[in-house]
> 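Next up is a structure, given as C-alpha cells.
Naming convention: chains lettered A, B, ... in sequence-line order (proteins, then strands); numbering from 1 in each chain.
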Amino acid sequence: MHVLIQQLVNGLSLGGIYALIALGYTMVYGIIELINFAHGDVYTFGTFTSLAVLTGLGVSGEVHGPLLVGIVLLTIAAAMLTCGALGVLIELLAYRRLRNAPRLAPLITAIGVSFILENVMQLWHGPSPIPFPQFVPNPSTTFGLVTISAKQVLVIVLALAMMVALQLFIYNTKIGKAMRATAQDRDAAQLMGINVNTTILVTFLVGSALAGVAGFVSGVYYGTTWFFNGFEAGLKAFTAAVLGGIGNILGAMLGGFLIGLIEAMATQYVPQGAQWSNVVVFSVLVLVLIFRPSGLLGESLPEKV
Amino acid sequence: MRFVWNRCVGSFTILGLIGASAPAAVAANRDPITIGAILSISGLYAPLGEPERNGLELAEKDINAHGGIGGRPLHIVIQDDEGKADTASQLATSFVGQNVAMIIGGTLTPTSNAIARVTNAAKIAQIYMTPTDTVWNTKAGVLPYVFETTPRNAIEADKLIDFSKTKFGAKKFAVLHDDAQYGSGGSIVLAAEAQKANVPIVDDEPFPITSTDVTAQLEKIKASGADTILLWTASPVAAIAVRQIRQLDLKVNVVGSTGIVSDNFLRVAAKDGDGVYADMDLNVTHPNAQQAAFLAAYRAAYHVRPANFASFAWDAGHLAALALAKTNGNRDGDAVANALVTLPPYHGTTAAFKFSATDHNGLSPNDVHIAFDKGAVWFTI
C-alpha cells in the first residue's frame with residue numbers, strides 16, 4: 001500500500017510540471033485554436049534562462065533562509081519575463097500574419113519555430129545535457145510509510161499556485177475578461193471594442209511566462225536540462241491539455257496531474273511498465289476522447305480561455 | 001616507408017604525439033587514404049560522440065606524424081549522424097559512393113547496425129565503438145567485415161557482477177536500463193551472467209532514453225530489496241538516475257556499464273555521483289605507457305581528461321591504419337578483414353587487441369577496469 005501512495009506522490013510531482021506547461025498550450029488553443037508546438041521549447045528556454053541567472057549570481061551550492069527565497073523569486077521572475085517576451089516575439093513574428101491563413105499554415109510554422117528555438121539553445125549550451133545548480137535544499141519528510149521531498153512539494157505547490165493565480169487573473173481582471181470574450185467569439189469581441197491583437201499577445205505572454213516557471217521548476221527538480229528537453233515534455237503536456245479538455249484551465253491542470261499519475265502507476269503495475277507508459281497514457285487519452293470528445297472538463301466549463 | 005606501421009605493430013607507439021621520437025614524414029604529394037567516420041556528435045548521445053571525434057582526430061594526427069599509411073597521408077572524414085540510424089545509413093551509403101577505404105562508427109547500437117548493413121553489402125571493413133557485440137556477432141553468424149573496439153557486453157556484465165560480489169558482498173541485484181538497444185541488450189546479458197554467477201536479479205526496470213524522471217522505477221527497486229543497482233545505459237539519464245537514487249535515499253550500491261563513464265555524467269551527477277562505480281577500459285589512474293601518452297596528448301590538445309570513448313576511437317583509428325598498411329591501401333573488405341584478424345596483438349589504449357575469425361572484439365574480462373567517481377573525477381582501481 002505504501003508503494004502505491006509513494007507512487008502517487010511521484011506521479012503528482014511529475015504531473016505538476018506537465019500541468020504548468022499544459023496551461024500555456026490550453027490558453028493559446030483556447031483563444032486562437034493553434035497548437036503551439038513551440039511551447040515545449042519555450043519551457044526549455046525557461047530552464048536555460050534560470051540557469052543563466054543562477055550562473056550570473058554565482059549560485060552553485062545550497063543556499064538557505066531569506067537568501068534562498070530571494071534567489072528563487074528572482075530566478076522565477078527572470079524566467080517568466082524572458083519566456084513571456086519570447087512568447088510575444090513568436091506571436092508577433094511567426095503567427096500574427098497567419099491569423100487568417102488556413103489552419104495548416106500556423107501549425108507548420110509552429111513546428112518550424114520549435115526547430116529554430118531548439119537550434120538556438122543547442123548553439124547556446126551545446127548538444128549535451130548540462131547540470132542545473134542544486135541550490136535548493138531537499139530534506140525529506142516521512143508521513144507514515146510515505147516520504148515526500150521538499151522539491152516534490154515545491155513542484156506541486158507552485159503548479160497549484162500558478163493555476164489559482166491564472167484563474168484569478170482571467171476572472172478578475174479586465175484583460176482576463178477580454179481573453180474570455182476573444183476565446184468565445186473573436187469577431188464579436190472586436191466589434192465590442194476589444195483589442196484582439198493585444199489580447200492574443202497577453203495570452204502568449206502569460207502562457208509563456210508559465211512555461212518559464214515550469215522550466216525553472218524542472219531545472220530545480222531534475223538537476224539537469226538540455227536543448228531537446230521540451231520535446232517530450234511538450235508532447236505530454238499537450239496530451240494533458242487535450243485529456244483535460246483543451247481550452248480549459250482546470251482541465252489542463254487535471255490532465256497534467258493525471259498523466260503524471262498514469263505514468264507512475266504504469267511503471268508500478270505493468271511489467272516493464274516504463275516502456276509501456278506512453279502506450280498506457282495515449283490509450284487512456286483515446287478512451288477518454290471516445291467517450292468524452294471534448295476532454296474530461298471540456299463540456300462542464302464551456303467558457304474557454 | 002610503406003612498412004612503418006607494420007614495424008610498429010608489436011609495441012605500438014604513440015610517443016610521437018608527445019615529441020619523444022622523430023616523426024616520419026608523410027609524402028604530401030601522394031594520394032591520401034580516406035576513411036569515413038560516422039559518429040553521434042550531436043543529439044542525446046553527444047557526450048559519447050564528441051570524445052570519439054576528438055580521439056579520432058588525434059589518431060589521424062598521430063598516424064600522419066608517424067608517416068601515414070605506407071607514406072600516404074591518412075584523411076579521416078568525420079560526419080555526424082545525430083544519433084539517428086537512418087542518417088547513419090545514408091552517410092554510410094554516401095561514403096561507399098566516395099570509395100572510402102573503411103568506415104569507423106557508429107557510436108550507438110542502432111547506428112552501428114545501420115552502418116553494418118551498408119558495409120556488409122558493399123564489402124567494406126567497419127570498426128565501431130559501441131559496447132555491444134551484437135552488431136558483428138549476429139544470429140546469422142559473425143559479420144566478416146565488422147569489428148569492435150569496446151569490450152563486448154558479456155565481458156562487462158561478468159566483470160560488474162563479479163566486482164559487486166567481491167567489493168560489496170552484493171546478494172540481490174536490480175537492473176535499471178534504458179529501453180533502447182544498448183540498454184535492453186545489457187539487461188539480457190546481465191540476466192545470463194547473473195544466472196552463471198548464481199546471484200538473483202530481483203527487479204529489472206527499463207526507462208525511456210529521453211526520460212527525465214525514474215523515481216517510479218526506483219520506488220519499485222526499493223520495494224524489491226535489491227542491495228545493488230546495475231545501471232546499464234549510454235543515455236545521459238544515468239546521471240539523473242543517480243541523483244534520484246540519492247534524493248530518494250536508497251541504500252544501494254550503484255554500479256554502471258561503460259556507457260555512463262563520461263565527463264557529462266560527472267558534471268550532471270555532481271556530488272551525488274560520488275561512490276558510483278562503472279567499468280572503464282582506459283586505465284586513467286594507473287596507466288601503462290600507451291595510456292599515459294594518450295592521456296597527455298589528449299590533455300594537451302583538448303585541455304581535459306579524455307573520456308573512455310575517446311580511447312575507443314583512438315584505437316579504432318590506429319587499428320584501421322594498421323590494417324590498411326598491411327593491405328597496402330587496398331580497400332577490399334576481405335583483404336582488410338583478413339589483415340585485422342592476422343595482425344599481431346595491437347597494444348592500444350584499451351588493451352592488447354587480438355582479433356580472430358570468430359572474435360571481432362579481441363578483448364577479455366582482464367582488459368576491463370573498474371572506475372569510481374570521486375569528487376567529480378573518474379579514478380580506476
> Which pair of non-hydrogen atoms, one from B:Val268 and one from A:Ile130, has the smallest distance, and what is that distance?
CG2-C, 4.1 Å
> Can you tell me how far NZ of B:Lys220 sits from CD of A:Gln6, rounded to the nearest 0.5 angstrom?
15.0 Å
> If you measure from OG on B:Ser42 to CZ on A:Phe228, what distance do you get to the nearest 0.5 Å?
11.0 Å
> Measure the CD1-CD distance between B:Ile209 and A:Glu232 for me, rounded to the nearest 0.5 Å.
9.0 Å
> Crowded around B:Gln195 CD? As in, over 12 foreign heavy atoms under 6.0 Å?
no
> Can you tell which part of B:Ala223 gets under 4.5 Å to a heavy atom of chain A, answering side chain, backbone, both or neither?
side chain
> Assess whether atom OH of A:Tyr269 is packed by more than 12 heavy atoms of other residues, nucleotides or ligands within 6.0 Å.
yes
> When only pairs under 4.5 Å are counted, which of B:Asp203, B:Asp179, B:Leu248 shares the most heavy-atom pairs with chain A?
B:Asp179
> Answer with side chain, backbone, both or neither: which region of A:Asn278 has an atom nearer than 4.5 Å to a non-hydrogen atom of chain B?
neither
> Using side-chain contact (heavy atoms from CB on, under 4.5 Å) as the criterion, point out the one residue from A:Thr267, A:Asn10, A:Leu14 that pairs with B:Thr215.
A:Asn10
> Measuring from atom CD of B:Glu219 to atom CG of A:Leu8, what distance do you get when rounded to the nearest 0.5 angstrom?
11.0 Å
> For residues 114-124 of chain A, pull every pair meeting salt bridge (Lys or Arg N to Asp or Glu O under 4.0 Å), keeping only residues two or more places apart or in separate chains.
none
> Between A:Ile17 and chain B, which part of the residue has a heavy atom less than 4.5 Å away: side chain, backbone, both or neither?
neither
> Using 0.5 Å steps for rounding, measure from the CD atom of B:Gln244 to the OG atom of A:Ser149.
10.0 Å
> With only heavy atoms counted, which part of B:Ser262 is less than 4.5 Å from chain A, the side chain, the backbone, both or neither?
neither
> Can you pull out the residues in residues 52-61 of chain A with any heavy atom less than 4.5 Å from chain B?
none
> Of the listed residues (B:Arg243, B:Gln247, B:Arg267), which shares the most heavy-atom pairs with chain A below a 4.5 Å separation?
B:Arg243
> For chain B, find which of A:Phe132, A:Tyr221, A:Tyr222 contributes the most heavy-atom pairs closer than 4.5 angstrom.
A:Tyr222
> Which bit of B:Asp213 is near chain A, if near means a heavy-atom gap under 4.5 Å: side chain, backbone, both or neither?
both
